[in-house]
Every structure is written in structure tokens, then in C-alpha cells.
Student: 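I have a structure here, written as C-alpha cells, and I will follow up with some questions on it.
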Amino acid sequence: MRVVPRAQPRPLPGRGFSVLPEGAAQMSEKIDYKATLNMPRTDFPMRANLPKREPEQLKAWEEMDLYNLVQRATAGRPKFVLHDGPPYANGDIHLGTALNKILKDIIVKHATMAGYDAPYVPGWDMHGLPIELRALKDMKIDRKQIDPLELRARCYEYAHHWLNVQREQFKRLGVRGDWENPYKTVTPEFEAKEVEVFGAMAAQGYIYRGLKPVYWCPHCETALAEAEIEYAEKTSFSIYVRFPVVDARGRIPEGSYLVIWTTTPWTIPANLAVAVHPEVEYGVYPTGKGTLVIANALAEKFFQAVDLPAVEPAATLKGAELEGITYRHLLYDRVSPVILGEHVTTEDGTGLVHTAPGHGHEDFEVGQKYGLPVLNPVNDQGVFTAEAGPFAGMFIEKANPEIVRALDEAGMLLGQGKIRHQYAHCWRCKNPVIYRATVQWFVRVEGFMDIAKEAMNHVRWIPEWGYNRMYAMIDGLADWCISRQRAWGLPIPILTCSSCDEPSFEPKMFEKIAEIFRAEGSDAWWKRPAEDFMPEGGLTCAKCGGRTFHKEKDILDVWFDSGSSHAGVLETRPELTWPADLYLEGSDQHRGWFKSSLLTSVVARGGRPPYKGVLTHGFTVDEQGRKMSKSLGNVVDPADVIKKYGADILRLWVASTDYRHDMALSENILKQVADAYRKMRNTLRYLLGNLYDFNPETDMVERDDLLEIDRWQMHRLQEVIGKVSEAYRNYEYHVVYHTLNNYCAVDLSAVYLDILKDRLYTSGATSRERRSAQTVLYHVADALIRMLTPILSFTAEEAYGYLPKPADSPATCQLLMMPQVDPTYLDEDLAAEWEKLMEVRDAVQAVLERARVDKKIGSSQEAAVHLYASGGEGAWAELLEKHLAELPTIFIVSDVKLFVGGQSAPSGTYFGEGPGDLTVEVVRASGDKCERCWNYRELGVIEQHPTLCERCAGVVLAQNLEEA
RNA sequence: GCGAGGGUAGCUCAGUUGGCCAGAGCACACGGCUGAUAACCGUGAGGUCCCGGGUUCGAAUCCCGGCCCUCGCACCA
């Protein structure tokens, strides 16, 4: 075995080191050697105190007019347009809205730093029922008694109030955007564009007016689109009713009864038929309550429900044979037919379906087939009209028990009970809705469904399943009911012939309306007479030639507003482009904004979608994966998070979780994110602290002059930059987060920075080895700040303020470019060597720990390490021999000895296995503790400094010389 | 009921075309340091990879069947 000799660690020649001057520094007593060290210095605080500091940062950004500053600086670059989906201007923002805006901000900021001109124009959805309802409530006035213009003015005011509140809340998140000039669906320009979109759709025949049953909210007194419905538990009546047969057509016994079941007694007055399935078997059952016709499959259930003894059917026949039989409606003395319907099932009820064409979708359809009238004896408020006879004037819910009683008195009621089931409710006012046939305006979606589907092929869906989801959404979509019987919205821009009631779709009319709205806003619809909206030369009815028209009274569904934003915003703002590069919303918007935007766009813009890409995120849930709800008490309010932790923590949380799935947030998770934040912040702080005397313009060390470990770190940095850049480009921010978190915690804090301490602190301040380290620290800090800017906008800006930088650096890190991989620093061979050295380091630390547990050593500098390698074939000996001089600093021990070629390594208490053929031994370091660098060395080699090792004494002497 | 997505350590995430004892960071426990100090370093203990079958020499990864969560759709006479 031979002992490999190791040169004494000596500083490399550099500016900070000079040959010992003769007789220098005579005074060595009582020197405060700590003062001779280059300890980190920075004012960048360890404690973030974000809740207090962030508002100050916001003010600074405002003072520099950050948004416009960036826009001016990026003018002329290729555009990247993220089009903001407008939140509804009602109420405070919640976690979902905050998350959405933060994601958008990360994307936009990254796009800017990736070389794009990325304007961001935030917007608000300002019209709609909830705002109107709130305004009415505040005014404490019945809507019938108020002038629509006055109501609209109040709504306008109310919506703007919430716009202002939300704008401040969004700004507080650090979101960069044109907050001074957001888009609003109520601006005249927007309204004019929306009219044009509507006109383009109408001109192509995709808008029509028709009588159909639609969802109707009696509370809000308006029609609703399917998208405005939500299902909730409701207790309803469950009644069985018999209708006496009038004309049995010889198929069933005279005097039989047809039995139906319903959960909505109030629809009985509108009953105009009983539907049966042609293939279902029906039985004629002689019972104590008459001879009853019901489906055989449901007979048993029925008898149980109405408490009748079960009996066998006297006869059985197919539904088809029942067609044409008539029965009498005892409450109204009306005779109606039995009809056939494929929609009839034997899952519930009796297999005979009470049919009221005015109150059911399928009832309506089948009624059309049989030429049944559409009876709708219910008014806008859900109150029975005169057509309902004795029930006129009653609210339908109130009338229910009355109708049940009347049925009983008429001998029609066989049984009654209650049932809890899912029932449609108004998503705005949460009251049960009804199905009610009225005249409404529709978009004929069926007519262009195929165009919409084709357009979807030209969109990048992220994640990819968004395509399938959207396709399923569009496929088989029912016509879109767009009229609302309300005041707070864009009026349906249609003039109707006063003599024959035919609506006009004259393109020039739409142009005229748009022109007036553009100048005056849509209030003009209420202010001006119909004639004003006619084109030059007036309007002639296409049907009857009439020349007198009146204005449509309904307004448009708010989804039509936001669905027109691509035209109203992207086409009207010079800084934006149509189509948008990206739409980004929660996955529920497949049925909302993504859909409504696509529909208006493919019709009004020649089959083209309004977006090139659609990115969706999941919903916020709690740690157990349950949705956040008030009743569960697991709701996280972004305002609370900001108050307690700061917006950067919320932003980091957004980045940390994979938003394609549900995103969990809880106090526990927040704490974890805050910990990760602290690690990154402290790493930044340490980097900055060691750059206090570094000027990147004069002190930078060239690549080839860097120490080897420093070159290795530069290699690692390039790898991190590459991975982070790719993750950013793929919108995978959780990968950015994990990569940077790992890099800070492991590569930097635990390894590189720890190893560097000795060199940074003890070397001459301007020595080459210290400058070499600082050069890397500068590159790392600079790159870290850039990579963190889109996410930790506040903290990155703060750190940027403390970073020494070239004179021509921009005022904000948001104007920097993302770091680029510098291939000249990539060195795979070097990295492979150092990764092996790190393996040895791990093994050494394991043995050191054993010695530490036994109190043989405390600090690792109290130890020396012996490495035994068998030598020969093994590359380990060669590798270690090559790096022998640096090994003590790598292991942070005072000495390392390498023994090569022994038959077998010795063994004992503080031995351990290393990688390959290595054996590691830890012994106590010989020599004494250098007062300055704390390594164990031979002291007093230079007599002026008897308590220092040779290296430190040299550095101190040189310092004294410089001061002198 | 149908469709989509998901279910890997306490938490956030990796696990490439199936193949070394399933990984990382954080949190946790224990220890060190006191020259990053309301910091820093080390060591360690944590997993029936939702469950049950199957294919295979071999499955967290493929197939079948369940369960649970989220979103959407449909039904709700």
C-alpha cells in the first residue's frame, strides 16, 4: 500500500494574495480574526414579512407604471395574447378566481421574459340577473314600477362598485395587467361589437324566435338557459291520478281508468294527453278503486304505493293498442287522447305518462307530433292564469295541495305521498325552476354544430382531453335560448313588424343599431323610438310589406356578452390580436365561456375559433379532496392567506400543484409552501450576502479560469435552466417549483454553498478563488431571480433590488429575459466525475455521523478522513488521486489521506463502505484548530500569527499590507 | 345512469416503451454547529404504489372487475 501525498492546501495565486512581505504585521496578539473574514453581508432580510412588504412593492410598481413600462419595452416583439375570461362583477374574489388570475399572470410574465410582447387586458362581465336582483333589492322597489333606465343606471353603478373591489384584490395578488383600462361588457364599443356578432348570426339564419318550453325561474321572472340550471334536493308531491276512459275503442273494458303518476300536481291543469310506450305491456286490473290500466312492470309497486291488494290483470295489451283511446279530465271536463311516446319508461310511475306540452320538453315534442295545443296556464310569476279555472291567481307551489284536494274530491286521486329527489333550481337565486312554454329567442346551434366541431380541430387543447370534453359538449347541443325578460343586459337588437309580428333580420338595421350603441351605449334602446334604429329609407317587412316596427323587449343572455368578447375586445384593442393565443379558465368553462365563445365565433367569423389554445385547470378542494363549501367549513379565503402569509405564498402554492387535477389547499399545505418559500428565500439571501463586494462588470472570472467545482456548478445551473425553461414552455409550473426547490435545498444549500463557505470566508477578498466562487454565485442568483420572477413576483423583485448588477440593468426584473442554457458550460464528463465524488462524500458523511454520535467529533472539521482503495482496475483510486487536493474542502474535513493498493482495507469502529471498492475511515484530525478558519492544521508556521495556519496567516498578512 | 380526469410515503410531486431492494423535496425524530442564526449541516424512520382478479420470468406501470374523489352530461312524467 502506498500513501498518496497531498499538497498542502494553498491559495492559488491571485490579486488578493502576495508573497509574504518581510517584517509585515508584527502585531499578532489580540487580533480579532473574525473581522478578517469575508462574512456574508446583505440588507435583504431573512424574514420576508410579505403582508407588510408586498403593498410597498405594489406602490413602487405603480409609481414606475409597470404595465406600460413593460409594454413599451416589448413593443415590436411577436405577440402572445392571453385573453382574459371576464369574472362576474359581483362579490369578493374567491380562491378559484385568485388561482385563475395567478396562473394567467405566471403565463403572461413568462411570455414577456421569453421574448414576446404579451399584453394582458383584464375584463369583467357586467350585465346579468344577479346584479339586477341586487340592485332591485337595494332600491327596495318593485321592478314593475321602475323606469328601466333608472334600474340600468343602478345596475351599472353596482357592477362598477364590484369591479373596483375585485380590481384591487387582483392587483394585490401581484397580477400585472392594464388595470387602468380593463375591458367591460358594458362599454359602448363592446356593445356595438356584440350587436354586430348577433347581426352576423341572424343574417345567416342562425337566430330565430319560437314557442318552446324552456326553463323558467318564477322568482327571477325570466327564461334560463340550460347552463343556468343546477340540480338540488327538493321535496315534492308524489301522486297517482286516474282518468276515466271515454272512448275505449273496444280495446279495454268500458268504465276503465288510466292511471298516471306525477310529482308536479300543478301541471295537471295543463294535461292534454296520456303517453304510453308502444312496446310496453299494459294490464287491465280490476281493483277496489275501479278497473285500472297500468304497465305490468310497475303494477306491484303501484299497488303498494296506493295501499291496494295486488291483483292479476284481467287482460294485457301492448301500448300501441291503447293509442287513440280517450279520457276525460274531470277538473276541466276536457276529453284528451292516449298517445305513443318512445320516451316513456317503466322505471317510475305507472308507465302512463301525464303529458302537458306546455310544461315538458318531451311532452312538447310528442305533442307537436300529435298536433296537441300548447297549454300554459301559468304566468311569468308562476301564478295560474284564468285558463287554470279555479286555481287562477294561485302561485303554483301554493296551488299544489289545492289541486291534490280537488283531484281527490273529483274522485281522481288514488294515492299521495312525498318524494325527495333532484330537481332543477335557478343557479342564481337558488329557487326551484319550472318548465314553461313561452315565446323565446334561440340560436339555432344544430345548424352549425358541424362547423363548430371542425373548428375545434384547429385548437390546441391543454390537456388534450379538453378536446373530447368539448366535442361531447357541442355534440347534440340543444338550441340556445338567449332571450331574458329583464332589463340589465344588451337588448336583443331586433325590430319587429307591428302589423304581422315578423322580426326583421335586415343587415343594415344591425349596422344602424351598432352605430347608435357605439355612440351612446345600449341605453339608447330605451331612450329612442324604434324609427331611429331603422336604416336609411326605413324598414320594410319582408313578410307583409309593413313599414311600422317596434323594438324587441327582451335582453340577451349574459353568456352571449362574454361569448362575444373575442370580437368586443380582441378586435377593438390595437395591442391585441384576433384570435387569441390562449384562453385559460376552469374546466367548468367548457360548458360556459369556451363554448359560448366558440359558437359565436364560428358563425360570425367564418368557421374560425377565437382561440389557438385552450388551457384548463381543475377546482380547488381541501386536503381530503372534497370541494370547498361553507357547510364543510373548509373554504380558504385568498384574503386570509394574503393577510397571514402574503400573496407570494399563494402564488407559490398555485405553482406548486399540478393544476390539471384538482388543487388541494389547507392550512397544512399552506405551511408547507411557506417552508419551501423560506428555503428559497434564504438561499437567495445567502447568495446576495456573498456578493456584497462583487461587481459583475469588473470581477467576473472567465469560464476557463473557474475552479473545477465552480465549473461543475455552472454545468448544474445550465441543467436546471434547461429543465425549468422546458417546464415553463409546457405550462408545467409544478415542475418549475420542484426543480427550483430541489436545486436550492440540495445542490446549493446542502452541497455547493456548504462547501464554498471556507473559500468564501477565508480567502482573500479579491483572490481568484473567491472571485471564482462569486462569479458562480452571481450567475446562480441572477438566473434564480429570473426563473422565480413569474411565480414569486414580489420576492424576486425584492431580491433583484439587492443584486449587484450592470449599470444598464432594467428597473424591474420583469423586464429581464429568461436565462438561456449556455452550452459552453455544459460538460458531461466533468459532471460525471463530480457526481462520483458526491457519492464518496455521502459515504464519508455517514461515517462522520457515527463518530459524531459517539461524541468523537462535533464539527466535521475536527475530523480527518482516510480513504482506502484497492487501486489498479478501479477508477475510484484514480479519480480520488486526481482530486486529492480538494477533497478536504469537499468533505469539509481538515485532512484526507488516500491509501491505494492495499490487499484489504483495515476495519474498526469508524469505518464504512464507500462506493465501488472504497473504504472510508474517520479519525480525529491532527494539529490544532486554526483560530481563523477552524480547520485543524499545523499552526504558527508564520510566526507573526502563532494561532493561525499557514494559509490564513498569509491572507491576513496580505490584508495588512493592503491597508497600510 | 353516461362521459372525462384522478387516486404513489403526513404534504406536494417524479416514476420514460412493464425490469436493479419504488424515488425527491418538505414535514417528522434524533444529533451537530453557533462565522447564513426565528438560519445552516448530518443521520434516520415513514409506502398492502385505492381494492380484487388476470397476462407475464417479472407490473405502480398492460387487461378485466369494483371502490372513492372532482368536473361535466343525461334523467328527474
Side-chain angles (χ1 to χ4, degrees), chain A residues 33-34 37-42 46-47 226 231 234 236 260-264 267 271 274-275 341 343-345 347-356 359-363 419 421-424 435 463 465-466 468-469 472-473 475-476 586-588 590-591 616 618-621 623-627 653 656-658 660-664 666 668-673 675-676 678-679 682-683 685-690 734-735 737-739 741-746 749-751 753-754 757-758 760-762 842 845-846 848-850 852-853 855 857-862 892 932-934:
Chain A
Y33 288 116
K34 185 171 171 179
L37 295 172
N38 314 298
M39 294 305 295
R41 282 175 223 169
T42 179
M46 181 153 79
R47 299 207 56 204
E226 284 176 36
Y231 285 83
K234 176 182 185 292
S236 297
I260 61 97
W261 172 74
T262 186
T263 57
T264 49
T267 61
N271 175 281
V274 166
H343 65 284
V344 177
T345 69
E347 273 169 25
D348 284 306
T350 61
L352 290 89
V353 174
H354 150 57
T355 300
H359 293 305
H361 180 68
E362 283 160 331
D363 295 13
I419 184 175
H421 61 158
Q422 293 284 307
Y423 189 83
Y435 220 56
W465 49 258
N468 291 331
R469 183 146 175 183
M473 188 78 54
D475 194 33
S587 62
D588 60 335
H590 284 100
R591 82 161 183 173
T616 56
F619 281 74
T620 55
V621 295
E623 210 171 307
Q624 279 80 47
R626 299 169 308 181
K627 68 171 130 188
W653 166 72
S656 74
T657 123
D658 185 349
R660 290 168 295 200
H661 316 319
D662 293 323
M663 308 177 70
S666 65
N668 181 30
I669 292 170
L670 227 32
K671 258 172 80 180
Q672 176 193 326
V673 172
D675 280 332
R678 233 171 280 134
K679 187 75 201 182
N682 260 316
T683 304
R685 179 167 185 264
Y686 189 70
L687 296 171
L688 296 173
N690 283 294
H734 62 290
V735 175
Y737 166 87
H738 281 282
T739 303
N741 186 215
N742 257 42
Y743 181 59
C744 287
V746 181
S749 191
V751 179
L753 298 182
D754 209 27
K757 283 174 187 166
D758 180 74
L760 286 167
Y761 299 169
T762 64
D842 288 343
Q845 282 182 324
L848 283 172
E849 182 63 17
R850 293 224 307 276
R852 191 139 46 210
V853 168
K855 305 290 176 195
I857 58 165
S859 150
S860 59
Q861 284 170 307
E862 293 169 28
I892 317 181
R932 186 163 176 276
C933 73
W934 293 354

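Worth saying up front: this structure is predicted, and the values here are computed from it rather than measured. Naming: A, B, ... by sequence-line order, numbering from 1 per chain.
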Student: With C1' as the reference atom in both, quote the distance from B:rG54 to B:rA59 in angstrom, rounded to an integer.
Tutor: 12 Å
Student: Rounded to whole Å, please give me the gap between CG in A:Asp588 and P in B:rG5.
Tutor: 18 Å
Student: Examine B:rC71: is either OP1 or OP2 under 4.0 Å from a nitrogen or oxygen in the side chain of A:Lys627? Give yes or no.
Tutor: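 So the side chain of A:Lys627 is within the cut-off, an N or O lying under 4.0 Å from OP1 or OP2 of B:rC71.
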Student: Closest to the A:Asn742 side chain: B:rA24, B:rC11, B:rU70?
Tutor: B:rA24
Student: Without decimals, in angstroms, what is the distance between A:Arg469 CZ and B:rC2 C1'?
Tutor: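 The distance from CZ of A:Arg469 to C1' of B:rC2 comes to 14 Å, rounded to the nearest Å.
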Student: Is B:rC20 paired to anything, Watson-Crick or G-U wobble with both distances less than 3.5 Å, and if yes, which nucleotide?
Tutor: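 In the structure as shown, B:rC20 has no Watson-Crick or wobble partner.
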Student: Classify A:Gly858 by what it touches in the nucleic acid, base, sugar-phosphate, or nothing, heavy-atom distance under 4.0 Å.
Tutor: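 Since only primed, P, OP1 and OP2 atoms lie under 4.0 Å of A:Gly858, the category is sugar-phosphate.
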Student: What's the gap between B:rU17 and B:rC2 when it is taken at their P atoms, as a whole Å value?
Tutor: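 Rounded to whole Å, the distance is 30 Å.
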Student: Using OP1 and OP2 only, check whether a side-chain N or O of A:Ser587 sits under 4.0 Å from B:rG72.
Tutor: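 No.
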Student: Return the minimal non-hydrogen interatomic distance between A:Glu623 and A:Ala664, and the atom names on each side.
Tutor: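 Residues A:Glu623 and A:Ala664, closest heavy atoms: CA-CB, 4.3 Å.
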Student: If I pick the C1' atom on B:rU37 and the same atom on B:rA60, what distance separates them, to the nearest angstrom?
Tutor: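 Taking atom C1' in both B:rA60 and B:rU37, they lie 43 Å apart.
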Student: Between atom CG of A:Asp675 and atom CG of A:Asn741, what is the distance when rounded to the nearest 0.5 Å?
Tutor: 10.0 Å
Student: Taking B:rG72 as the reference, what is the distance to B:rC11 when you measure between their C1' atoms (whole Å, please)?
Tutor: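 29 Å, rounded to whole Å.
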Student: May I have the distance from A:Arg660 (atom CZ) to B:rC69 (atom P), rounded to whole angstrom?
Tutor: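 Distance, rounded to whole Å: 24 Å.
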Student: A:His354 and side-chain hydrogen bond (donor to acceptor under 3.5 Å, both in side chains): which single residue from A:Asn271, A:Thr262, A:Thr264 fits?
Tutor: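 Among A:Asn271, A:Thr262, A:Thr264, the one that satisfies the side-chain hydrogen bond (donor to acceptor under 3.5 Å, both in side chains) with A:His354 is A:Asn271.
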Student: In whole angstrom, what separates A:Gln845's CD from B:rG44's P?
Tutor: 11 Å
Student: At what distance, to the nearest 0.5 angstrom, does SG of A:Cys744 lie from CG of A:Asn742?
Tutor: 9.5 Å
Student: Please compare A:Val746 and A:Lys855 by the position of their nearest nucleotide in RNA chain B and report the one closer to 5'.
Tutor: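 The residue whose closest nucleotide sits nearer the 5' end is A:Val746.
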Student: In whole angstrom, give the distance that lies between atom CG of A:Leu848 and atom C1' of B:rU43.
Tutor: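 It is 11 Å, rounded to the nearest whole Å.
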Student: Once you apply a heavy-atom cut-off of 4.0 Å, does A:Asp658 come out as touching a base, just sugar-phosphate, or nothing?
Tutor: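 Since only primed, P, OP1 and OP2 atoms lie under 4.0 Å of A:Asp658, the category is sugar-phosphate.
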Student: Pick base, sugar-phosphate or nothing for A:Gly625, based on heavy-atom distances below 4.0 Å to the nucleic acid.
Tutor: sugar-phosphate
Student: I need the minimum non-hydrogen distance between A:Ser236 and A:Thr263, along with the two atoms involved.
Tutor: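 So the minimum-distance heavy-atom pair works out to CB-O, 3.6 Å.
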Student: Which listed nucleotide (B:rA14, B:rC33, B:rU12) is nearest to the side chain of A:Ser859?
Tutor: B:rC33
Student: Rounded to the Å, how far apart are A:Met473 CE and B:rA74 C1'?
Tutor: 12 Å
Student: Who are the ring pair (Phe, Tyr, Trp, His ring centres under 6.0 Å) partners of A:His590, not counting sequence neighbours?
Tutor: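 So A:His590 forms a ring pair (Phe, Tyr, Trp, His ring centres under 6.0 Å) with A:Phe594.
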Student: Choose from B:rG5, B:rG25, B:rA14 the nucleotide whose nearest atom is closest to any side-chain atom of A:His661.
Tutor: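 The closest nucleotide is B:rG5.
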Student: Return the 5'-most residue of the pair A:Val621, A:Val344 with respect to RNA chain B, ranking by each residue's nearest nucleotide.
Tutor: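 Closer to the 5' end of RNA chain B: A:Val621.
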Student: How long is the gap from CG on A:Leu760 to CG on A:Leu37, to the nearest 0.5 Å?
Tutor: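 Separation between the atoms: 11.5 Å.
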Student: With the criterion being N/O to N/O and under 3.5 Å, what pairs connect the protein with nucleotides 36-38 of chain B, and how long is each?
Tutor:
from: B:rA36; atom 1: OP2; to: A:Tyr761; atom 2: OH; distance (Å): 2.8
from: B:rA36; atom 1: N7; to: A:Lys757; atom 2: NZ; distance (Å): 3.3
from: B:rA36; atom 1: N6; to: A:Ser749; atom 2: OG; distance (Å): 3.1
from: B:rU37; atom 1: OP1; to: A:Arg685; atom 2: NH1; distance (Å): 2.7
from: B:rA38; atom 1: N1; to: A:Arg47; atom 2: NH1; distance (Å): 2.9

Student: Output the distance between atom CG (A:Asp662) and atom NZ (A:Lys627), rounded to the nearest 0.5 Å.
Tutor: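 It comes to 10.5 Å.
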Student: Roughly how far apart, to the nearest Å, are B:rC68 and B:rC26 at atom C1'?
Tutor: 27 Å
Student: Could you check whether A:Lys34 gets within reach of a base, just the sugar-phosphate, or nothing at all, counting any heavy atom under 4.0 Å?
Tutor: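 Touches a base.
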Student: Separation of A:Leu670 atom CG from B:rC26 atom C1', in whole Å?
Tutor: 14 Å
Student: Under 3.5 Å for both donor-acceptor distances, Watson-Crick or wobble: does B:rU37 have a partner, and if so which one?
Tutor: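 Base partner found: none.
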Student: Give the nucleotide from the list B:rG25, B:rU70, B:rC13 with an atom nearest to the side chain of A:Gln672.
Tutor: B:rG25
Student: What nucleic acid atoms does A:Gln624 come within less than 4.0 Å of, heavy atoms only: base, sugar-phosphate, or nothing?
Tutor: nothing
Student: Which is true for A:His354 with a 4.0 Å heavy-atom rule: it touches a base, it touches only sugar-phosphate, or it touches nothing?
Tutor: sugar-phosphate
Student: Mark yes or no for a side-chain to base donor-acceptor pair under 3.5 Å between A:Thr345 and B:rA77, with no hydrogen or angle criteria applied.
Tutor: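 Checked by distance alone, the answer is yes.
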Student: Could you tell me how far B:rA39 sits from B:rA29 if I compare only their P atoms? Round to whole Å.
Tutor: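 Pairwise P distance, B:rA29 against B:rA39, rounds to 15 Å.
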Student: Taking atom OG1 of A:Thr657 and atom OH of A:Tyr737, what is their separation to the nearest 0.5 Å?
Tutor: 10.5 Å
Student: Mind checking if A:Trp653 touches a base, just sugar-phosphate, or nothing, with heavy atoms under 4.0 Å?
Tutor: nothing
Student: Picking from B:rA24, B:rC26, B:rG42, which would you name as closest to the side chain of A:Ala745?
Tutor: B:rC26
Student: Rounded to the nearest Å, what distance is computed from the CG atom of residue A:Leu37 to the P atom of nucleotide B:rU34?
Tutor: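 Interatomic distance, CG of A:Leu37 to P of B:rU34: 14 Å.
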Student: Taking 4.0 Å as the cut-off, does a side-chain nitrogen or oxygen of A:His734 come that near to OP1 or OP2 on B:rA14?
Tutor: yes
Student: As a test of reading the structure: which of B:rG72, B:rU12, B:rG10 is closest to the side chain of A:Ala664, going by heavy atoms?
Tutor: B:rU12
Student: Could you measure between the two C1' atoms, the one in B:rA14 and the one in B:rA9, and give it in whole Å?
Tutor: 13 Å
Student: What's the closest nucleotide to the side chain of A:Arg591 if the choices are B:rC73, B:rG32, B:rA77?
Tutor: B:rC73
Student: Please name the pair of heavy atoms, one in A:Val344 and one in A:Gly351, separated by the smallest distance, quoted to 0.1 Å.
Tutor: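 The pair with the smallest heavy-atom distance is CG1-O, 3.3 Å.
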Student: Base of B:rG66 relative to its sugar, syn (within 90° of 0) or anti?
Tutor: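 For B:rG66, whose glycosidic angle is more than 90° from 0, the conformation is anti.
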Student: Taking atom P in both B:rU43 and B:rA27, what distance in whole Å separates the two?
Tutor: 15 Å
Student: Counting side-chain heavy atoms from CB outward, which of B:rA14, B:rG72, B:rG25 is closest to A:Asn741?
Tutor: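 When the side chain of A:Asn741 is considered, B:rG25 is the closest of B:rA14, B:rG72, B:rG25.
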Student: Could you go through nucleotides 48-51 of chain B and list every protein N or O atom that sits under 3.5 Å from one of its N or O atoms, giving the distance for each pair?
Tutor:
none

Student: In Å, rounded to the nearest 0.5 Å, how long is the span from CZ of A:Arg41 to CG of A:Leu688?
Tutor: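 Between A:Arg41 CZ and A:Leu688 CG, I get 14.5 Å after rounding to 0.5 Å.
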Student: Taking all non-hydrogen atoms of both residues, which atom of A:Thr350 and which atom of A:Ile260 are closest, and how far apart?
Tutor: OG1-CA, 3.5 Å
Student: Using a 4.0 Å heavy-atom cut-off across all strands, classify A:Arg932 as base, sugar-phosphate, or nothing.
Tutor: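 Base: the residue A:Arg932, judged by heavy atoms under 4.0 Å, touches a nucleobase.
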Student: Which pair of heavy atoms, one from A:Cys933 and one from A:Thr762, lies closest together, and at what distance?
Tutor: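 Taking every non-hydrogen atom into account, CB-CG2, 3.6 Å.
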